[in-house]
There are 2 protein chains.
Amino acid sequence: MTTSAAPLPEEISHTTSQEISEEDFLRLDRQICFSLHAASRAFNSVYRVALKDLRITYPQYLVMLVLWEQGELPVKKLGEHLRLDSGTLSPLLKRLEAAGLVRRERSPRDERSVEVRLTDEGTALRERALAVPRRIVAATALDIEEIRDLRDRLNRLTTALDEAALETPAP
Amino acid sequence: MTTSAAPLPEEISHTTSQEISEEDFLRLDRQICFSLHAASRAFNSVYRVALKDLRITYPQYLVMLVLWEQGELPVKKLGEHLRLDSGTLSPLLKRLEAAGLVRRERSPRDERSVEVRLTDEGTALRERALAVPRRIVAATALDIEEIRDLRDRLNRLTTALDEAALETPAP
DNA sequence: CACAATTCAATTGTCTACAACTAAATGATG
DNA sequence: CATCATTTAGTTGTAGACAATTGAATTGTG
């Protein structure tokens, strides 16, 4: 137990954690961890149900959303949009190809690159996917404004977390 | 294409989606999906860095948090706290046991149940873990009040999503 | 032009997450 | 008391995520 009365000056100088003990922090951490982890999985679960008819998973849906919006694009670009690397995308795209939704072809002008494009079947799937978002929005029990607000908060949070990760790569 | 001019009455009656097209919904869905997925992974990433010294993963940390707070408890209870099933917990606990942080013993009074308890090493790890939450909180660039607010929002969201999942198990 | 550095996709290995199933123990009911 | 249903962990199979590495193609530089 750290019962030392003197707070470390460099710790409290720029935070609002004046009278919060490490114990309280651990408790709050437990709560925010759980909440975030649970929310993420709950969302995943709702999408799983909503996407069952389309025979694709949630991450596969994310890929299709990008393709529907952007059209054909290389794996690299796809990864930048989704913040995913080839280790995740390669097998995922292979499964989408096996399902007949996309085609992968090496670019003729740069043989390192692989272009991902929708098949007719993949394009057609969009029509059926139009029913999904409404279901998700309804499931959140939030109205459009609250959802936009949540989106913005999450984006700011992600930006902050990314910056923090860059500042502390490996001490 | 549903170009029918008449909106389906049961769709708009209890939502605020009056003038929002399916296309807009799809776009918003893309945004909220991405935001949530990205935030979840960014958090995961920050925890990964913060927990590297402790030699445990984020989900393993979640388990340890529960054990530090609750003491010894059966796998079942652990799963209820974390909303994880044995398919996830069994191998995870095996790894924590291999790392010398927990012990698993079948309960003498109910041989189906397996009690998970901290080893001395597992208990001791808590001291080092006390440094983690502050790092996480700092990384979010949010103050304590905002974090509590986020926690509450996420909890409400999870509750809503869970309820929606129950209402639509398989049509 | 030749050689080194970089880029890109894919692979390997580890760790979740979850559905579906198995096996063992316990409880309930006729 | 014997049989059936339920509870509890664990296993298997599939899919994501990510670090680390590989191999091929391209670019940059001397």
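Note on naming: letters A, B, ... go to the chains in the order of the sequence lines (proteins, then strands), and numbering restarts at 1 for each one. All heavy atoms count here, side chains included; hydrogens, waters and symmetry mates do not.
- With a 4.5 Å cut-off on side-chain heavy atoms, A:Arg151 and B:Leu28 count as touching.
- In this entry the distance linking OH of B:Tyr58 with P of D:dA19 reads 16 Å, nearest Å.
- A:Ser40 places no side-chain N or O within 3.5 Å of a backbone atom of A:Leu36 that could act as its donor or acceptor partner.
- Atom pair A:Lys52:NZ and C:dA19:C1' shows a separation of 12 Å (rounding to whole Å applied).
- Contact between the side-chain N/O atoms of A:Arg95 and the OP1/OP2 oxygens of D:dG16 is found at a separation under 4.0 Å.
- Between A:Arg48 and A:Val114, the residue whose closest nucleotide on DNA chain C is further toward the 5' end is A:Val114.
- Remark: A:Arg41 CZ is packed, more than 12 non-hydrogen atoms of other residues, nucleotides or ligands lying under 6.0 Å away.
- A:Asp110 comes within 4.0 angstrom of sugar-phosphate atoms only, judged by non-hydrogen atoms across all strands, and of no base.
- Positionally, the nearest nucleotide of DNA chain C for A:Gly87 lies more toward the 5' end than for the other of B:Gly87 and A:Gly87.
- If you measure from atom CG of A:Leu92 to atom P of D:dC18, you get 13 Å, rounded to the nearest angstrom.
- Taking atom CG on B:Asp85 and atom C1' on C:dT22, their separation rounds to 15 Å, with Å as the unit.
- The side chain of B:Ser86 lies closest to D:dG10, out of D:dG10, D:dC18, C:dC15.
- The side chain of B:Ser45 contributes no N or O atom lying less than 4.0 Å from OP1 or OP2 of D:dC18.
- For A:Pro59, whose side chain is taken as the heavy atoms from C-beta onward, the closest listed nucleotide among C:dA17, D:dA17, D:dA9 is D:dA17.
- Taking the nucleotide of DNA chain D with the nearest heavy atom to each of A:Thr57 and A:Pro108, the more 5' of the two is matched to A:Thr57.
- Remark on DNA chain D: of its neighbouring residues B:Ala42 and B:Lys76, the 5'-side contact belongs to B:Lys76, judged by nearest-heavy-atom nucleotide.
- Close to C:dT6, at under 4.0 Å from its OP1 or OP2, lies no side-chain N or O of A:Arg112.
- Of the candidates C:dT16, D:dA15, C:dT26, C:dT16 carries the atom nearest the B:Gln60 side chain, counting heavy atoms from C-beta on.
- Between B:Arg55 atom CZ and D:dA19 atom P there is a gap of 16 Å when expressed in whole angstrom units.
- Using a 4.0 Å cut-off, no side-chain N or O of A:His37 falls inside it from OP1 or OP2 of C:dT16.
- Between the side chain of B:Asp149 and the backbone N or O of B:Asp152, no donor-acceptor pair lies under 3.5 Å.
- Within 4.0 Å of A:Leu89, counting heavy atoms only, lies no atom of the nucleic acid at all.
- For B:Glu105 and D:dG10, the CD to P distance is 13 Å, given to the nearest whole Å.
- Between the A:Glu146 side chain and the A:Asp143 main chain, a donor and an acceptor come within less than 3.5 Å of each other.
- Residue-level contact check: B:Pro74 touches the backbone only, with heavy atoms under 4.0 Å from sugar-phosphate atoms and none from bases.
- The separation between B:Arg83 atom CZ and C:dA17 atom P is 13 Å, rounded to whole Å.
- At D:dA24, none of the side-chain N or O atoms of A:Arg106 fall inside 4.0 Å of OP1 or OP2 (strictly under the cut-off).
- Of the side-chain N and O atoms in A:Arg41, one or more sit less than 4.0 angstrom from OP1 or OP2 of C:dC18.
- In this structure, OH of A:Tyr47 is placed 18 Å from C1' of C:dA17, rounded to the nearest angstrom.
- Remark: the backbone N or O of A:Gly100 is paired with a side-chain donor or acceptor of A:Thr119 at under 3.5 angstrom.
- Within the 4.0 angstrom heavy-atom criterion, base atoms lie near A:Thr88.
- Using a 4.0 Å heavy-atom criterion, one finds that B:Lys77 contacts no nucleic acid atom at all.
- Look at A:Ser113 and you won't find any side-chain N or O under 4.0 angstrom from OP1 or OP2 of D:dA25.
- At least one donor-acceptor pair closer than 3.5 Å links the side chain of B:Arg106 to the backbone N or O of B:Arg112.
- Of all nucleotides listed (C:dT11, D:dA9, D:dA19), C:dT11 comes nearest to the side chain of A:Lys94.
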